[in-house]
Asks: 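Questions regarding the structure given below will be posed in turn.
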Amino acid sequence: MNIFERFVAGWRKYRKPGYYDDFDYHWTMTIDLDRCTGCSACVTACQAENNIPIVGEKELARGREMQWIRIERYWEGEYPNAKLNFIPMLCQHCDAAPCETVCPVSATYHNQDGLNAQVYNRCIGTRSCAVYCPYEVRYFNYYNHHWPTPLEQQLNPDVTVREKGVMEKCTFCIQRIRQAKDHAKDDGGRRVRDGEVQPACVQSCPTEALTFGDRDDPESKVAEKMRDPRAYRVLEDLNTDPSIVYLKKA
Amino acid sequence: MADHVVGLFDDAESALAAAGRIKASGIGQPELISPIPVHGADEVLGPKKSVIRRFTFFGGIIGGLSGFTLAAGTAVLYLHPTGGRPIITFPPFLIITYEMTILFGILATVLGFLISARFPALRDRVYVPEAAVDKFVVTIQCEGDASNQARMILGEMGAGDIRQWNEATP
Amino acid sequence: MPNVDRRQFLKLVGAGGVGAGAGFMLAESARHPVEHLIPYPVPPEEYSAGIATWYNSVCGMCPAGCGITVRTREGRPKKIEGNPLHPVNEGRLCALGQAGLQVLYNPDRLTGPLQQLGERGSSGFVDATWRGGLDAAAERIDAARNAGNRVVFLSGGVRGHLAALLETFTRELGSGQFLQYEFAHPHALHAANRRLFGIDRLPYYDIANADYVLSFGADFLNNWLSPVNYSLGFGRSRQEGEHRGRFVQVEARMSLSGAAADEWIPARPGTEGVLALALAQQLVANAYAGDDADAWRAALQDYTPERSADITDVPVETIEHLASALVDAGHALAIGGGSAAAHTNGADTLLAVNALNYLLGNVGRRGGMVFNPDPAIGASDTEPASYRAMEQLAADARAGAISVLVVSNANPLFNLPAAADFAGAIAAIPTVISLSSFMDETTALADLVLPSHTYLESWGDDAPDPGVGFTVGAVSQPVVSPLFDTRATGDIVLELGRRLGLGEAMPWPSFEECVKDGWRQLHAAGGEAAGDFDTFWRDVLRSGVWGTDTRAESGVAVPDEVIADIAVPEPQFAGSESDYPFVLQPYLSTGFYDGRGANLPWMQELPDPMTSVVYGSWLEMNPETARELGLRDGDLARVTSGNGAVEVPVVVYPAIRPDVVAMPIGQGHAGLGRYAENRGANPIELLAPSVDTRSGALATGATRVSVAGTGRRAEAVKIGGESRELGRNIIQRTGTSGSAGHSARLNSIPIVVESS
Amino acid sequence: MSTEDRSMRFADVNDDVVRSLVVTGRKYYITLACAIAVTLLCFFFPWFYQLYYGIGAAGMNHPTVWGTYLASFIFWIGLSHSGTLLSCVLHITNSEWRKAMYRSAEAMTLFSLMVAAMMVMVHVGRPWFIHWALPYPNQMEMWPNFRSPLLFDVMAIGTYLTGSLIFIYMGSIPDFAAVRDRTTGWRHHMYVLLSLGWRGTDTEWHRLGWAYTFLAVLIIPLAVSVHSIVSWDFAMSIVPGLHQTIFAPYFVVGAIYSGTAGIVTVMFVLRKYMNFEHYITKLHFDNLGKRLLVLALICTYIIVLELFTGLYIGTSTEYEQLKYKLTGFYAPLYWEMILFCAVAPLLLISKRFRTSFVPMLILSIAINIGMYTERFLIVSTTLSRQYLPETWRVYVPSLVEVSILVGSVAMFVTLFLLFVKIFPSVSIYEVKETMTQPARKRGHAEWQTT
């Protein structure tokens, strides 16, 4: 291949929107709103798995909650026909994520698993990603958080404890994904099987409203749920191409 | 060595006229030192062309190229796909290009200015402190007869003060 | 934000130079985040650093008895997950269950025995030794036994071999009494089942296979009986295959389950049973074809839709459409409990609900209710104490009949109404010994504290009740070596037994052996086929659960005299309607259950699902009511009942009857550590000592209160902002407008429309 | 030119300016000491406190992760658009009245840019790693993300700072030379270095003239781009209320507007306290006032346009955003902004108003307060009302933030006070150019005294 052809090939490659031809895995979560009861098990599961700090009442009153997944609640109608709908909201791992482009130091970018990765030790805390995120799922460490002894012993050694001034968010429990991928690699280089890896929230969900898997595998549970006519994505008209697919309430 | 005759005038017009006379007399190329830019000096002392414009132009072009190269090169060398955009994205990189064009243009202009005006001055040059206040000064590098001739012309043109300047006596 | 003391302040002032700042910034950037050492000076042989080990055990956070899998690293539990093999929760776990880790690691745990040297309730606790503490306890108990005075062992809900052991212990003492007090125990449901079917077991509700679930007040998706199990069933009934069950909730205040319901019906509090009977009447009139149809018809003739509509405040049309939906559904299931049972007619209400089940023909059937078999392990005859029994205990104490009270894993001071004056009763007991892991309200009044292990550090076993319709046993094994100088409750009791000469009846060297011995008997009952015990035991420990799915269909019959007697009396409320215009409905909160979760920071920070409030309690009221009282969201209101008053912020709640106000239970602790102390208010304090006449349970929903603004504001800390969607189509429904699937990406701009 | 100028001689100009540099009264020292003290106490002390404990010392919260720090950043960047840009435009268009005031206006640019850069340091969560936003080779093999609007900022502000510094310096070289000859001691040495050996020969003047013009030509589009780019920090997002095409011109106009008002303030102070009554005259205020009026009208137009855009989009998000802005929690601030930035400047229609010093000072300060509010509102109203209503929450600045804002003003004042003692704050040679010298031949007819 001569230089010109190489240049053209490189040019094409680097001019390709989204850059990746194919994700290794296209991790996707489906959330069945018809099943979600708002019980918040996922919230605590996430908090336990990901070393999410205890913020304290005063800080919560100032609006500095940290939980990576939250249950949003929307009332509809008035008494006696009032209804309350829940929707779990977590990082949507958008394939066209607005947060990624704005980070001046590339602390957040898209990895080959289709995950919206956040590199904590690269973050300088401009917080612009949180401004750009239409789903408001990025949380900022306003302080160094402390765990009174012996609470610090519950910290998950697979997940870093974030420093003050760092943005953080749902990672789809990337430590579990990594582990599953390593395991699959050791196991003869096979691919990760459907259901082999589950983020903490999916694992805990008592109504099995959350499903997690590889969208590229047509046999997977998520792929099947995504084919459901109830599937939609929140704020879809913003064209962020989220990896969280909601199933409509009936 | 290099002796200069220096004539101090109260106003720009007489200074300019004196400079014109000296130039016409063929003693040498007179220099005008003034507290403000004297308009019309070109007509008297001959037109000037500066190289600054070339510096600015090529500085800008180099800046633009290096700006795009910086942005695109960084993106290609450190692959961080973001926001579903291509690795080489035009709209943002053109902004970087634009800013770098101007930055290099400015820096090159400064460089051009320094070079063409021969700054910073590392040696003593002919200078009269009053020129920074309100005197318009005509200087001419000459020795011997030429020097006398210059003094005469300057005196005729109404120089308030005529001095001799050489490197040893600043 | 940390406090700045003088020294820090001076330091900061000292750092107030630019140069110092630059150095400081360098230091700041070089500083590493928290680091911790591996807690194994000499690691066990099978341990390898960085590899997680999972232990199966049983959740001890609520009486549901879910199986848990605890992930440990370097000998420290890191996460609690559901045990996928356990049939109750199938690998799922609720928020409270996962927060069990913070029971273990709670910074406010008692680290060793304490002895009260000062006045009771004072801060005169000093450290004691186990030997000294146990000696003292044994001495007091011995003295009481010899004097013929009563020794009461009051525990929270316990099951399995611990229950059997405690029972043996108190029985062998002669003058002992074993009481279990569980605030949320479904006494009324037991009473109703006993009367209607003659079965004293809780049923398993097969929600997964039900096509139509009609729930009367039971918050079964949140914390009623076995929420994880019911949630699993609910999820499966909703969207599994072609089947999409419908779910209707009848209650005065929309609970979490009410929010999940397809239809929410706010019946007048205490009249849910009438609605059930009205539906029964319709069923009998239109569809029921059993042999006893005539008897039913006669018994239910008063419960016409019209009359019932008057009583229940549910329109006639609603009653009729509910009745026809019940008839049309393949498998219809009625569930009753929670707020519907929290009245003076609670057991009657549930009886009516169960009658509905009977008439629907789903008792003992798939998609209906199946009665659980007797527990296979650690059978205990002790019925959990009702409020009436606790009142009796308090009366006995005041009469001086009780010498020693041992409290274990129960907090009656928090969980009983102020009207019961349990503090006064305790004051009359000469010796109070607490086995609690925390300095809770009751423990603060103890003379001697012998702190027990948390459930993650101790052995135990459990037969979940309500179970899953077939026999299940689970072993709870310690997942971590004890963090502090504490002992397992069973071991403490065994130790006391030895000192009191009860070794013959309780021969085990440790509670672990006691559990193992019990399982050995269970294994022996299996005969030859069961194989060798050690293998069996290892398998049980490994899987954490034992049992086989032998759920069978069976029928029941209702005696005619019970049918003839069926009726729901009018609920009695404490306080007159004119002085106290609102019915107070306290409810178990998602994070705190009956208050036991209040010391867990995760639970304090878990936004209440319905209101998003964290760290605090609040009063829910209808927007209309709030308007009439001139109260806004965040105003501090004074809630007064005949028995006391509390001040709580108002949260305007769109789905509650205008004549009802509700408060979550769980906050308002005076003790229990830094996260729980002096936060919010405890609605149990306000309750009148009314009981459900049939079961003797505390009628928590039978107190009337008045509400008045205090003129102050004290906004409850809320995570959520605006709680309306404003036409943004965030939560979409099938059949409504909005982007259809992911095909319409570009043409789905949401326009402001009132969502229908 | 007013009559008093006509009587002045060239030497007086030198005397005045040198006096302003060398003769320092007690009042100056007291003011400087106060300014430094306030800077340390109100800016650096709270900042160190914030560094120690984390950004939580400020009032930012979950949806509103940007607060007054960013508003201050935009404000100072905006203020910077007064000087250099105005100076360049006026230089290109050969405006006579520019000459007495442009030096201090350019200094304003420089210092407000510096304060703005400080605000960035205060704003970010981990300022000790702020250098990661610069493209430089490093062992982490990490270069910044050039797709980020924030990095456009870094580049644009860096360029603007460099350009402004060079512009003000280059224009001052002849003055440094003039001052050099009149000073002694360390000042003399400093000015020897700064003047580069300037003599004032016709060649030097010629080169300076060209270089200066080129710089002016380059800086005008640069300045326009700087504030457009700052606006893109917002407009590139998809946040309702921020994602607006009008933002770039809006920010540029707003910047020039607040900058011009800033110049009025600074002119007043210079005139009053540096005894520059001869140089800064009613004419300047009159001209600046006219410009302010025009800018106020453009600004008002855009403010109204913004409302229309929101209404025409008609989505719930835009509509609620608009409603919130006009009637919500921050509405009093909005209407204050309207009063200060759109209504009050209408007074400038009157020439009497434009030529009265104190009312102009008050108005200029009011405009800047209004413009600060406007920047604050851009951040706070939009971020607290985004797509998911569940996340809505108001943001109230903390004491630390207010203190740092006050401190940043003090820092600006400190820098400016230092400036007036180093740089000739009135351009000696350009003032001389404007002065009546019957003996001088005029290049342009209109130079004849009006």
Side-chain angles (χ1 to χ4, degrees), chain A residues 32-35 37-41 43-45 47-49 54-55 57-58 60-61 65 70-76 78-80 82-87 143 148-154 156-157 161 163 203-209 229-234 236-237 239 247-250, chain C residues 1 33-34 36 73 76 78-79 81-82 91-95 98-99 101-102 105 107 221-222 228 231-232 234-235 238-239 244 254 256 259-260 266 483 590 601-602 605-606 609-610 612 614-615 622 654-655 717 719-720 723-725 730-734 738-739 741-742 745 748-750 755:
Chain A
D32 191 336
L33 297 181
D34 205 25
R35 282 185 168 202
T37 63
C39 74
S40 305
V43 180
T44 304
Q47 196 161 13
E49 174 74 17
I54 300 143
V55 192
E57 182 181 12
K58 211 172 123 200
L60 285 175
E65 71 265 21
R70 61 170 188 265
I71 309 287
E72 298 203 345
R73 49 197 68 70
Y74 291 109
W75 286 100
E76 198 185 300
E78 297 299 338
Y79 180 86
K83 258 208 82 49
L84 183 58
N85 301 317
F86 297 109
I87 182 167
Y143 293 110
T149 327
L151 270 180
E152 89 283 345
Q153 296 195 20
Q154 80 191 6
N156 185 352
V161 172
E163 197 199 17
Q203 189 187 29
S204 71
C205 180
T207 55
E208 298 171 313
R230 293 190 295 136
Y232 80 103
R233 292 184 288 191
V234 168
E236 195 151 27
D237 43 295
N239 284 328
L247 302 181
K248 291 182 186 182
K249 275 179 95 89
Chain C
M1 197 164 61
V34 196
H36 298 294
R73 274 280 298 268
R76 289 284 179 260
K78 296 295 178 190
K79 182 145 193 316
E81 288 158 6
R92 312 287 161 170
L93 201 60
C94 73
Q98 305 192 57
L101 216 50
Q102 295 195 322
Y105 291 129
L221 297 174
N222 195 14
V228 178
S231 295
L232 272 168
F234 171 77
R238 269 291 163 97
Q239 298 287 348
R244 201 292 183 180
M254 183 185 275
L256 193 74
L483 291 187
T590 308
W602 282 343
E605 299 214 339
L606 184 72
M610 303 297 282
S612 86
V614 288
Y615 281 108
N622 191 291
V717 181
I719 296 301
S723 62
R724 298 275 170 169
E725 253 188 77
I730 296 160
I731 298 177
Q732 298 185 7
R733 291 169 174 283
T734 49
S739 48
H742 21 272
R745 275 187 58 183
S748 57
I749 297 164
S755 48

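Residue numbers start from 1 in every chain, and the chains themselves are labelled A, B, ... in the order their sequence lines are given, proteins ahead of strands. Remember, predicted model here, so these are calculated numbers, not experimental data. Below, all heavy atoms of this structure are taken into account, side chains as well, without hydrogens, waters or symmetry copies.
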Asks: Who wins among C:A260, C:P601, C:P609 for the most heavy-atom pairs under 4.5 Å with chain A?
Replies: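 Heavy-atom pair counts peak at C:P609.
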
Asks: Counting only heavy atoms closer than 4.5 Å, note whether C:V228 contacts chain A via side chain, backbone, both or neither.
Replies: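 For C:V228, backbone and side chain are both near chain A.
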
Asks: Under a 4.5 Å heavy-atom cut-off, does chain C meet the side chain of A:A209, its backbone, both or neither?
Replies: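 When you check distances to chain C, no heavy atom of A:A209 falls under 4.5 Å.
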
Asks: Going by side chain to side chain contact (heavy atoms under 4.5 Å, CB included), name the residues that satisfy it together with A:A48, two or more places apart in sequence or in a different chain.
Replies: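 Scan of A:A48 (side chain to side chain contact (heavy atoms under 4.5 Å, CB included), adjacent residues dropped) gives C:K79, C:W602.
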
Asks: Highest number of heavy-atom pairs under 4.5 Å with chain C: which of A:T149, A:L84, A:L33?
Replies: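 Option with the top pair count is A:L84.
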
Asks: Of all of A:V43, A:L60, A:D32, which one pairs up most often with chain C through heavy atoms under 4.5 Å apart?
Replies: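 Heavy-atom pair counts peak at A:L60.
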
Asks: Between A:E65 and A:V55, is there a side-chain heavy-atom distance shorter than 4.5 Å?
Replies: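 Heavy-atom side-chain distance check fails, nothing below 4.5 Å.
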
Asks: Considering only heavy atoms, which portion of C:N622 lies under 4.5 Å from any heavy atom of chain A: side chain, backbone, both, or neither?
Replies: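 When you check distances to chain A, only side chain atoms of C:N622 fall under 4.5 Å.
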
Asks: Would you mind checking which part of A:I71 comes under 4.5 Å of any heavy atom in chain C, side chain (CB onward), backbone (N, CA, C, O), both or neither?
Replies: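 Interface part for A:I71: neither.
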
Asks: Could you look at C:S612 and say if it's the side chain, the backbone, both or neither that has a heavy atom under 4.5 Å from chain A?
Replies: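 Both backbone and side chain of C:S612 come within 4.5 Å of chain A.
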
Asks: Are side-chain heavy atoms of A:C205 and C:R92 found at a separation under 4.5 Å?
Replies: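 Contact flag for A:C205/C:R92 side chains = yes.
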
Asks: Sequence neighbours left out, what passes side chain to side chain contact (heavy atoms under 4.5 Å, CB included) with A:C39? Give chain and number order.
Replies: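 By the side chain to side chain contact (heavy atoms under 4.5 Å, CB included) rule, A:C39 matches A:T37, A:A41, A:P206, C:L256.
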
Asks: For C:E605, is it the side chain, the backbone, both or neither that has a heavy atom under 4.5 Å from a heavy atom of chain A?
Replies: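 For C:E605, heavy atoms of backbone and side chain both lie under 4.5 Å from chain A.
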
Asks: Specify which of A:E49, A:R70, A:E72 makes the most heavy-atom pairs with chain C at under 4.5 Å.
Replies: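 With the most close heavy-atom pairs to chain C, the winner is A:E49.
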
Asks: Where on A:D34 is there a heavy atom nearer than 4.5 Å to chain C: the side chain, the backbone, both, or neither?
Replies: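 Backbone plus side chain of A:D34, per the 4.5 Å heavy-atom cut-off to chain C.
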
Asks: Against chain A, label C:L221 side chain, backbone, both or neither, depending on which of its atoms sit under 4.5 Å from a heavy atom there.
Replies: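 Backbone plus side chain of C:L221, per the 4.5 Å heavy-atom cut-off to chain A.
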
Asks: Name the option with the most non-hydrogen atom pairs under 4.5 Å to chain A; the candidates are C:P266, C:A655, C:A259, C:P107.
Replies: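 When all of C:P266, C:A655, C:A259, C:P107 are compared, C:P107 has the most.
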
